[in-house]
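First up is the structure itself, then whatever we jot down about it.
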Amino acid sequence: TSSFRALPGRGCLRVRVSGPAAVPGVLHAYTPAPRAVYLDGRALPEVAAAVEGWQYDPASGLLTVHYLHRGTEELRVEC
């Protein structure tokens, strides 16, 4: 189903994600508080429940990102 690969470079988290279009993508990661989350350069909205977007729990440090698979894309988190 879905897969990811960590990438070096700027941002507090950069991963390459891929998966079949029929399967929604979800990423859970412990990060510092994000300023923004990007999927292939597009800013994702900070929303609790959406097809694409992200939410952050400051108490646990858990970032959850929901996205649609469109082939292989780069997900980048700016903290």
Side-chain angles (χ1 to χ4, degrees):
T1 63
S2 300
S3 67
F4 77 96
R5 181 174 56 99
L7 299 171
R10 66 185 182 99
C12 68
L13 177 66
R14 282 183 64 214
V15 293
R16 186 146 329 267
V17 294
S18 63
V23 177
V26 179
L27 176 124
H28 299 286
Y30 291 101
T31 67
R35 292 190 318 256
V37 176
Y38 300 92
L39 184 62
D40 259 10
R42 287 182 301 109
L44 295 179
E46 182 179 1
V47 291
V51 174
E52 288 197 314
W54 60 276
Q55 61 187 5
Y56 183 73
D57 178 11
S60 67
L62 182 64
L63 170 68
T64 301
V65 182
H66 294 271
Y67 59 94
L68 298 175
H69 288 293
R70 293 178 189 87
T72 300
E73 299 181 287
E74 179 182 310
L75 190 137
R76 180 171 50 92
V77 179
E78 293 292 330
C79 298

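Keep in mind that what you see is a predicted model, and the values were worked out from it rather than measured. In what follows, residues are counted from 1 in the order of the sequence shown. Just so it is clear, the values below take in all heavy atoms, side chains as well, and ignore hydrogens, waters and symmetry mates.
- Between the OH atom in Tyr67 and the CD atom in Glu73 there is a gap of 8.5 Å [rounded to 0.5 Å].
- Taking each heavy atom of Ala22 and Pro24 in turn, the nearest pair found is O-CD, 3.7 Å.
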Take Val15 and Val77, measure what side-chain contact (heavy atoms from CB on, under 4.5 Å) needs, and give me the verdict at the end. CA-CA 9 Å; Val15 293; Val77 179; over 6 Å; no
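- In this structure a side-chain-to-backbone donor-acceptor pair under 3.5 Å is present from His69 to Gly19.
- Applying the salt bridge (charged side-chain N to carboxylate O under 4.0 Å, His left out) test to Glu78 and every residue at least two apart in sequence or in another chain returns Arg10, Arg35, Arg76.
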Steps toward side-chain contact (heavy atoms from CB on, under 4.5 Å) verdict (Val17, Thr72): CA-CA 6 Å; Val17 294; Thr72 300; over 6 Å; no
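- Put simply, the side chain of Val65 does not reach to within 4.5 Å of the side chain of Leu39, judged on heavy atoms.
- From Leu75, atom CG reaches atom CG of Asp40 across 9.0 Å, with rounding to the nearest 0.5 Å.
- Screening residues 20-79 for disulfide bond (SG atoms under 2.5 Å apart) gives Cys12-Cys79 as the qualifying pairs, with residues at least two apart or on separate chains.
- Membership of an apolar cluster is not assigned to Leu7, as no side-chain contact below 4.5 Å to another ILVMFWY residue is traced.
- Listed by chain and residue number, His28 satisfy the side chain to side chain donor-acceptor pair (under 3.5 Å) test with Thr64 (two or more places apart in sequence, or in another chain).
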Enumerate donor-acceptor pairs with a distance under 3.5 Å from any side-chain N or O in residues 49-62 to protein atoms, sequence neighbours excluded.
{"residue": "Glu52", "atom": "OE1", "partner": "Arg42", "partner atom": "NH1", "Å": "3.4"}
{"residue": "Glu52", "atom": "OE1", "partner": "Arg70", "partner atom": "NH2", "Å": "3.3"}
{"residue": "Glu52", "atom": "OE2", "partner": "Leu68", "partner atom": "N", "Å": "3.0"}
{"residue": "Glu52", "atom": "OE2", "partner": "Arg70", "partner atom": "NH1", "Å": "2.9"}
{"residue": "Glu52", "atom": "OE2", "partner": "Arg70", "partner atom": "NH2", "Å": "3.4"}
{"residue": "Trp54", "atom": "NE1", "partner": "Leu44", "partner atom": "O", "Å": "3.1"}
{"residue": "Tyr56", "atom": "OH", "partner": "Thr31", "partner atom": "O", "Å": "2.8"}
{"residue": "Tyr56", "atom": "OH", "partner": "Ala33", "partner atom": "N", "Å": "3.4"}
{"residue": "Asp57", "atom": "OD1", "partner": "Ala59", "partner atom": "N", "Å": "3.2"}
{"residue": "Asp57", "atom": "OD2", "partner": "Ser60", "partner atom": "OG", "Å": "3.0"}
{"residue": "Ser60", "atom": "OG", "partner": "Leu62", "partner atom": "N", "Å": "3.3"}

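- Sorted by first and then second residue, the salt bridge (Lys or Arg N to Asp or Glu O under 4.0 Å) pairs with a member in residues 18-28 form an empty list; sequence neighbours excluded.
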